Amino acid sequence: MPWPAFLRPAHAAINPVALRLAGRAGSLAVLVHTGRRTGRTYRTPVRAFRRGHWVAVGANFGADSQWVKNVVDAGHCEMLLRHDLLYLARPKVVPLDSLPAVFPGWYAFGLRHFVRTRECLLLQIEDRR
């Protein structure tokens, strides 16, 4: 079961601060995606981890989160992670237990046991040339 919905308002207050820090260092990244219905461009702070040509993001509020639906529906997005602008494609919602080893062990443990996240978004890094 993902984080309860009552925590969403707290994220609305935290997200503007997180966006100022995201994309520069560590695993805090900026996910740039387009709204399915509005066509607006959204910038969402997420924790993302990269391994090889893969990036994984925990879906803390589940696969029904708007940003997850937007990325899956569009089939691609961009992400600023550690000063690198990545073009990501072929998004898949994957059960945490079947995810390839993209997340560090400590993070997967935290998602599973503290946040109670069962799904994540797996994306492939593509060359935009």
Side-chain angles (χ1 to χ4, degrees):
M1 176 177 172
W3 282 8
F6 74 83
L7 289 176
R8 288 183 184 178
H11 273 264
I14 293 169
N15 281 355
V17 176
L19 278 172
R20 289 178 177 249
L21 303 172
R24 292 177 179 80
S27 61
L28 194 57
V30 178
L31 181 74
V32 182
H33 55 97
T34 304
R36 299 179 312 287
R37 292 175 286 210
T38 64
R40 269 185 59 199
T41 299
Y42 292 95
R43 298 168 51 81
T44 304
V46 296
R47 287 254 183 214
F49 291 89
R50 178 181 182 174
R51 172 128 339 158
H53 286 11
W54 297 100
V55 171
V57 181
N60 295 354
F61 289 104
D64 286 335
S65 298
Q66 294 302 311
W67 68 267
V68 174
K69 289 179 176 181
N70 289 342
V71 172
V72 170
D73 188 59
H76 61 87
C77 64
E78 291 181 342
M79 179 181 287
L80 181 62
L81 178 63
R82 296 185 180 177
H83 293 287
D84 291 330
L85 183 60
L86 306 173
Y87 181 75
L88 305 171
R90 293 189 262 312
K92 292 188 288 189
V93 175
V94 178
L96 189 58
D97 295 332
S98 24
L99 179 72
V102 179
F103 289 141
W106 63 268
Y107 188 75
F109 182 85
L111 281 177
R112 190 174 287 113
H113 298 289
F114 297 115
V115 181
R116 300 189 194 285
T117 298
R118 297 290 177 242
E119 299 166 314
C120 61
L121 191 63
L122 183 65
L123 303 121
Q124 189 170 4
I125 299 171
E126 291 211 339
D127 189 1
R128 278 193 102 168
R129 285 185 265 158

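Positions are given from 1, in the same order as the sequence printed here. Quick caveat: nothing in here was measured; it's all calculated off a predicted structure.
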Heavy-atom side-chain contact between [X] and [Y] under 4.5 Å:
X      : Y      : answer
Leu88  : Gln124 : no
Leu80  : Val32  : no
Thr44  : Val30  : no
Glu78  : Leu85  : yes
Ile125 : Trp54  : no
Val102 : Arg50  : no
Cys77  : Leu123 : yes
Glu126 : Arg90  : yes

[X] versus [Y], closest heavy-atom pair with distance:
X      : Y      : value
Arg118 : Arg112 : NH1-O, 3.1 Å
Ala29  : Leu81  : CB-CD1, 3.7 Å
Ala63  : Val68  : O-CG1, 3.6 Å
Ala59  : Thr117 : O-CG2, 3.5 Å
Lys69  : Asp64  : CE-O, 3.5 Å

task = On the 0 to 90° scale, with breaks at 30° and 60°, tag the Phe49-Phe103 ring pair as parallel, tilted or perpendicular.
result =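 If you compare the ring of Phe49 with that of Phe103, the planes turn out perpendicular.
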
message = Just verifying a value: how many Å separate Thr38 OG1 and Asn70 CG, rounded to the nearest 0.5 Å?
response =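 Going from OG1 on Thr38 over to CG on Asn70, the span is 7.0 Å.
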
query = Would Val93 and Trp67 show up in the same hydrophobic cluster when neighbours are defined by side-chain heavy atoms closer than 4.5 Å?
reply =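 Yes, one cluster joins them.
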
key: hydrophobic_cluster_shared for Val72 and Val57, side chain cutoff 4.5 Å   =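 Shared cluster, yes.
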
ask   = Just by distance, do the side chain of Arg51 and the backbone of Ala101 share a donor-acceptor pair under 3.5 Å?
value =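 Looks like yes, one N/O pair under 3.5 Å.
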
inquiry  = Using only atom types and a distance under 3.5 Å, with no angle test, would you say the side chain of Asp73 pairs donor to acceptor with the backbone of Arg36?
reply    =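 Not at all, since once roles are kept as given, no pair shorter than 3.5 Å links the two residues.
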
